[in-house]
Amino acid sequence: MGNHSEEIIYKPRANRSIKAISKYIRDKGYPDTSEKYAARLYDFGDSLANFPEKYPVCRFKKLADRNLRCAVFEQNYIFIYKTIHHRLVIYNVVHGRAIRY
């Protein structure tokens with residue numbers, strides 16, 4: 001059984017990242033796809049609360065030192081998060097190429 005977190009918090013940076021991803025898709029000429037993709041990103045982020053320890057601590061030293069976990073979404077984006085006092089806190093969503101190990 002997972003340690004279901006009671007609350008999911010998207011830090012402002014994570015929300016801005018998801019909005020930027022959606023805008024990028026919309027600007028490429030796919031407005032419907034951009035909305036659906038943003039919804040899928042949020043659904044994935046929300047699902048992390050079901051089994052927060054499913055994904056490993058990030059390999060990137062600066063993130064690992066803060067005990068942050070990295071969850072890969074559809075091979076492209078990485079959710080950076082941590083459970084704090086029964087809350088799942090999502091700090092950022094970054095493109096996989098943006099992270100340097």
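Start at 1 with the first residue, then count along the sequence.
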Flag the pair L88 / E7 as yes when at least one side-chain heavy-atom distance between them is below 4.5 Å, and no otherwise. no
Output yes when a side-chain donor or acceptor of K82 lies under 3.5 Å from a complementary backbone atom of R66, and no otherwise. yes
Test log, rule side chain to side chain contact (heavy atoms under 4.5 Å, CB included), inputs L68 and V57: CA-CA 6 Å; L68 293 167; V57 171; over 6 Å; no
Mind checking what makes side chain to side chain contact (heavy atoms under 4.5 Å, CB included) contact with K11, not counting sequence neighbours? V89, Y91
To the nearest 0.5 Å, atom CD1 of I25 lies from atom CG of D32 at 12.0 Å
Report the distance from atom CD1 of I8 to atom OG1 of T83, rounding to the nearest 0.5 Å. 10.0 Å
Ring pair (Phe, Tyr, Trp, His ring centres under 6.0 Å) contacts in which one or both residues fall within residues 64-83, not counting sequence neighbours: Y37-F73, F44-F73, F44-F79, Y77-H95
Measure the shortest side-chain to side-chain distance between I90 and I80 over non-hydrogen atoms and say whether it is less than 4.5 angstrom. no
According to side chain to side chain contact (heavy atoms under 4.5 Å, CB included), who are the partners of K28, at least two apart in sequence or on a separate chain? Y24, Y30
Any sub-3.5 Å donor-acceptor pair from S17's side-chain atoms to N92's backbone N or O? no
Contacts of D27 meeting salt bridge (charged side-chain N to carboxylate O under 4.0 Å, His left out) (sequence neighbours excluded), chain-then-number -> K23
Do we see a donor-acceptor contact under 3.5 Å between the side chains of Y10 and D46? yes
Which distance, rounded to the nearest 0.5 Å, do you find between the CD1 of I78 and the SG of C58? 7.5 Å
Less than 4.5 Å apart, side chain to side chain, heavy atoms only: is that true for E53 and R69? yes
Applying salt bridge (charged side-chain N to carboxylate O under 4.0 Å, His left out), can you list everything that pairs with D65, at least two apart in sequence or on another chain? K61
Results of salt bridge (charged side-chain N to carboxylate O under 4.0 Å, His left out) for R40 - residues two or more places apart only: E74
